[in-house]
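Worksheet: one structure, shown below.
A note on names: the letters A, B, ... follow the listed sequences, proteins ahead of strands, and every chain is numbered from 1.
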Amino acid sequence: MERNEFERRFFLARRQVIERDFAHLNDMQKKSVLATEGPLLLLAGAGSGKTTVLIDRIANLIRYGRGSDSPEVPEEMGEAELALLEAEAGRTGPVPEEVRELCALDPVEPWRVIAITFTNKAADELKARLERKLGPGAGDVWAMTFHSACVRILRKSVEVLGISPNFTIYDAADSVAVMKRVLRELNLDEKQFPPKSVLGAISRAKDKLQSPADFAAAAEKGWDPRQKYIARAYTEYARRLLAADALDFDDLIYYTVLLLRDYPEERAYWQRRFHYVLVDEYQDTSHAQYLLAAMLAGERENICVVGDDDQSIYRFRGATIENILSFENRFKNARVIKLEQNYRSTGHILSAANAVIRHNAERRGKNLWTSAGDGEKLKLVVSDGDDAEAEFVASSIVNAVAGGMRWSDFAVLYRMNVQSNRLEYAFKRLAIPYKVVGGTRFFDRAEIKDMTSYLAVVNNPADDLRLLRIINTPARGIGDTTVERLRALAAAQRRPILDIAADAGSFPELKNAAGKLAKFLALIMELRTLSETMPLEDFYDALLEKTGYLEALGDSDEALARRDNIMELKSNIVSYAASAETPSLAGFLDEIALYSDLDSVDTQGESVILMTIHAAKGLEFPWVFLVGMEENLFPSSRSTDSEEDLEEERRLCYVALTRAKRRLTLTAARRRLLFGHTTANAVSRFVEEIPDGDIDKPADLRMGSEGFTREPDPEWLEYRRREKTPFPEAPRRGLVGGSETPRRGFGGVSQGVRRPPAEGPKTASQSPKTLPTLSAGDVIRHKAFGEGTVVAVTSMPGDALLTVNFNGTQKRLMLKAAAPFITKK
DNA sequence: ATCATAACGCTTTTT
DNA sequence: GCGTTATGAT
């Protein structure tokens with residue numbers, strides 16, 4: 001046989017054998033996994049098995065190297081090996097180890113693979129699934145966010161830029177705090193120069209790799225005088241951060257790009273290190289992030305980016321679809337593969353999502369399809385007010401749980417965090433276990449910021465921002481005047497504040513405070529020493545003790561909550577110390593800077609999840625409620641006058657719709673209390689964009705006539721069974737049977753407005769049901785919680801608070817709200 | 001220095 | 001409507 005012919009056949013057979021390992025994938029997915037070499041753009045629709053592809057791709061690299069994609073055949077391979085491969089090619093099932101070895105062509109060491117994701121959540125999932133697939137060796141793959149990857153690179157290499165490798169990371173709140181001080185110092189009015197928008201301008205500048213000097217030069221040439229002031233703010237902001245050895249989020253990317261661009265040895269080092277670069281959520285990357293990925297890939301150009309232009313929802317913070325749209329221009333021989341088969345949702349859901357997104361002009365075009373069947377139509381439910389909307393959602397969930405679903409099967413998605421309030425209120429009344437993701441963050445709480453500021457100062461005494469926060473917390477007699485003098489001296493001498501404090505004796509204006517400053521300094525120094533000798537969690541205890549923070553809190557109710565939070569931080573430290581390879585104070589600080597509590601969402605836990613649509617990206621739920629489908633809310637009023645903004649909102653809607661696996665309920669309220677005013681908005685245009693064939697909605701939207709959710713239907717039970725989730729018991733007829741309405745407010749019951757009575761259910765709302773009379777000791781049966789004993793009844797105006805013991809766990813229920821779900825035994 | 005109240009402003013989404 | 005911050009009083 002000619003060597004040419006031999007090699008052709010060998011390559012073919014090898015590829016077929018390798019394919020056996022990925023037989024569970026569809027053709028497009030397989031192609032994506034096997035195309036290991038060169039630039040690859042993967043357009044992966046929602047629910048198209050993108051993560052699976054990413055995992056298998058990495059598995060393929062590690063197992064077979066270039067084997068599936070390169071025609072190269074090792075010299076030593078001969079006819080015997082070919083015969084073996086060709087025989088194996090015809091078979092199915094897992095490939096025997098010795099055959100695998102024949103197929104491998106420079107298998108890739110795990111640490112040569114970097115998979116960059118956008119969120120920690122995604123990175124963690126990637127890591128976990130890689131580990132499951134490949135075993136512990138997978139731990140060496142760099143699966144992390146852009147920001148974490150940059151921290152790791154910078155910790156090793158940043159010194160050439162003249163920045164300390166022990167730099168501190170400033171989060172968004174820190175940045176704002178610094179900027180406020182900068183603006184005050186520059187005498188810039190915060191109204192004319194809102195800190196956040198100045199920071200936004202700086203952020204955009206860094207994305208374009210503009211230094212303060214570059215920015216100032218551009219501002220000089222430009223026509224907008226404001227830019228010159230912003231340039232000054234940028235200069236001073238950057239100066240302060242550098243003086244404090246601090247980098248903000250953007251700096252992490254910015255400096256890494258500078259490092260790779262301007263330092264050939266560093267570039268060479270990192271390019272030699274990584275042979276394969278993968279970027280997830282590519283549609284959400286910024287220009288600088290694209291540069292970073294491209295530079296890491298280097299001339300090898302083994303760069304695989306995965307994204308969905310229809311799911312780009314972070315344009316407002318610098319993400320640019322341009323990256324996706326122009327990938328093939330930048331990488332000339334790029335391959336492009338579309339993944340359009342959806343494994344998540346049923347037909348009507350996908351059809352609705354496709355229909356909505358089709359209204360966007362700026363996109364590559366893609367159509368999701370499924371073989372799962374049509375499933376259920378979506379449903380639109382219009383309530384009178386936001387309170388009724390929330391109650392509808394809450395009672396639907398209780399009903400469904402009574403019918404065998406689990407709390408964790410549900411997600412309630414909304415546009416803005418403030419919308420969670422109403423929902424929470426309704427959920428509390430019905431004692432529904434729920435979790436709100438996002439909103440006020442744990443690490444943003446004052447007492448937590450205090451504690452982390454101590455940790456930050458101990459770790460980096462030059463961190464003036466954090467130092468100022470704690471220098472007099474708890475009060476130790478270092479007042480505003482002293483602090484002001486310290487700051488003035490520090491600014492004048494370009495020295496850290498703590499340095500000045502240490503030198504207090506030599507400044508006459510600090511004479512009065514010298515004693516107190518010395519004490520404070522001694523405290524910090526002592527803590528520093530302790531931090532070097534003690535395990536992290538013990539050090540934290542020592543910190544609490546030496547600072548006297550807890551005592552200073554007092555013992556009010558609020559203080560108790562704060563204590564709880566402080567102990568919660570401790571458990572954070574403990575679990576960090578347990579999981580990190582080499583736990584350190586610096587490592588812990590990195591972690592809390594880059595991780596939000598968004599990352600700890602467990603969709604496993606037995607709770608309903610409430611979150612913004614943004615936070616839901618990448619997640620899926622059997623039943624999704626998408627609330628607040630009203631004009632001015634979604635799409636947000638700020639986005640309706642620009643076509644680009646509107647398209648981003650529509651993509652957001654697309655993301656929301658594609659979160660649902662089986663059932664999707666949209667809700668809108670005729671009146672809503674928003675920003676202090678009652679507003680009445682039309683139903684969202686996005687709802688109108690859903691074909692009638694895919695959604696059930698009231699014939700006359702303004703009138704409303706929808707009923708109340710029934711018990712889950714047999715289809716659901718079947719689905720649950722398929723998912724192998726145990727059923728508590730078969731649904732039974734409770735008090736809320738059929739289409740009974742548990743509370744007023746649904747079904748278009750008007751509130752004193754001249755509106756024709758709705759044709760919907762009206763029984764309960766028109767003649768209020770007599771509330772069951774209950775007293776302590778009564779045994780009741782709750783639709784969702786089962787049997788329980790009433791422990792206490794506290795009467796309240798027009799209602800009563802029940803404390804009920806359900807099988808050992810106590811729940812508090814409002815009688816009126818819970819009545820429809822309760823039967824007295 | 002600490003507390004209370006008033007005023008304010010902020011209402012998109014977050015690594 | 002909310003929470004945060006600025007201001008003033010004790």
Side-chain angles (χ1 to χ4, degrees), chain A residues 116-123 144-151 169-177 180 184 190-191 194-197 199-200 203 207 247-254 281 284-286 288-289 311-319 386 413-422 425 437-441 443-446 472-483 552 554 556 590-599 611-617 628 632-640 645-646 648-649 651-653 655-656 672-679:
Chain A
I116 312 174
T117 62
F118 194 65
T119 63
N120 295 300
K121 200 168 62 189
M144 54 184 82
T145 65
F146 270 104
H147 296 270
S148 317
C150 287
V151 168
I169 301 167
Y170 276 5
D171 66 18
D174 296 327
S175 295
V176 170
K180 279 191 176 161
R184 228 170 292 153
E190 282 201 15
K191 273 169 209 145
K196 280 203 193 111
S197 65
L199 284 167
S203 182
D207 195 43
L247 303 189
D248 67 19
F249 285 144
D250 298 318
D251 288 335
L252 295 175
I253 312 287
Y254 174 70
E281 305 284 13
D284 287 328
T285 52
S286 67
Q289 288 169 331
Q311 290 190 71
S312 162
I313 54 174
Y314 287 105
R315 199 177 67 108
F316 70 95
R317 73 175 217 221
D386 44 3
L413 307 184
Y414 37 79
R415 180 69 241 265
M416 293 185 291
N417 273 314
V418 283
Q419 290 174 261
S420 70
N421 278 337
R422 288 279 153 179
Y425 185 67
V437 179
T440 354
R441 299 220 301 245
F443 291 106
D444 287 343
R445 284 164 219 247
N472 200 31
T473 316
R476 48 174 73 88
I478 302 175
D480 289 347
T481 31
T482 305
V483 170
S556 63
D590 278 359
E591 191 123 311
I592 61 180
L594 295 175
Y595 271 66
S596 62
D597 39 17
L598 191 102
D599 306 311
M611 62 186 146
T612 64
I613 302 167
H614 282 88
K617 197 171 73 159
N632 297 318
L633 188 61
F634 192 27
S636 125
S637 54
R638 306 168 103 67
S639 64
T640 37
D645 288 348
L646 186 63
E648 173 129 327
E649 294 282 302
R651 290 192 293 269
L652 197 53
C653 182
V655 168
R672 178 179 301 276
L673 204 50
L674 204 57
F675 310 142
H677 302 283
T678 304
T679 52

Original post:
From C:dT5, B:dT13, B:dT15, pick the nucleotide closest to the side chain of A:Asn417?
Top reply: B:dT13
**OP:** Output, in order, the C-alpha distance, side-chain angles, deciding distance and verdict of side-chain contact (heavy atoms from CB on, under 4.5 Å) for A:Asp284 and A:Gln289.
**Re:** CA-CA 9 Å; A:Asp284 287 328; A:Gln289 288 169 331; over 6 Å; no
Original post:
How is A:Phe146 classified with respect to the nucleic acid when contacts are heavy atoms under 4.0 Å: base, sugar-phosphate, or nothing?
Top reply: nothing
**OP:** Specify the residue among A:Asp250 and A:Ser636 whose closest nucleotide of DNA chain B lies further upstream toward the 5′ end.
**Re:** A:Ser636
**OP:** Using a 4.0 Å heavy-atom cut-off across all strands, classify A:Leu673 as base, sugar-phosphate, or nothing.
**Re:** sugar-phosphate
Subject >> Matching residue for A:Tyr414 among A:Thr612, A:Leu633, A:Ile613 - test: side-chain contact (heavy atoms from CB on, under 4.5 Å) >> reply: A:Thr612
Contacts under 3.5 Å, N or O only, protein and nucleotides 7-10 of chain B:
unit_1	atom_1	unit_2	atom_2	d
B:dG9	OP1	A:Lys191	NZ	3.1

Subject >> side chain to side chain contact (heavy atoms under 4.5 Å, CB included) involving A:Asn421 - partner list, sequence neighbours excluded >> reply: A:Glu424
Original post:
Does A:Thr678 place a side-chain N or O at less than 4.0 Å from the phosphate oxygens OP1/OP2 of C:dG1?
Top reply: no
Original post:
Can you name the residues that form a side chain to side chain contact (heavy atoms under 4.5 Å, CB included) with A:Tyr425, not counting sequence neighbours?
Top reply: A:Arg429
**OP:** Between A:Glu648 and A:Ala475, just flag the one whose closest nucleotide in DNA chain B comes earlier from the 5' side.
**Re:** A:Ala475
Subject >> Phosphate OP1/OP2 of C:dG1: any A:Asn421 side-chain N/O under 4.0 Å >> reply: no
**OP:** Could you tell me the separation between the CZ atom of A:Arg422 and the P atom of C:dG1, rounded to a whole number of Å?
**Re:** 9 Å
Original post:
Checking all strands, does A:Glu649 fall into the base, sugar-phosphate, or nothing category for heavy-atom contacts under 4.0 angstrom?
Top reply: base
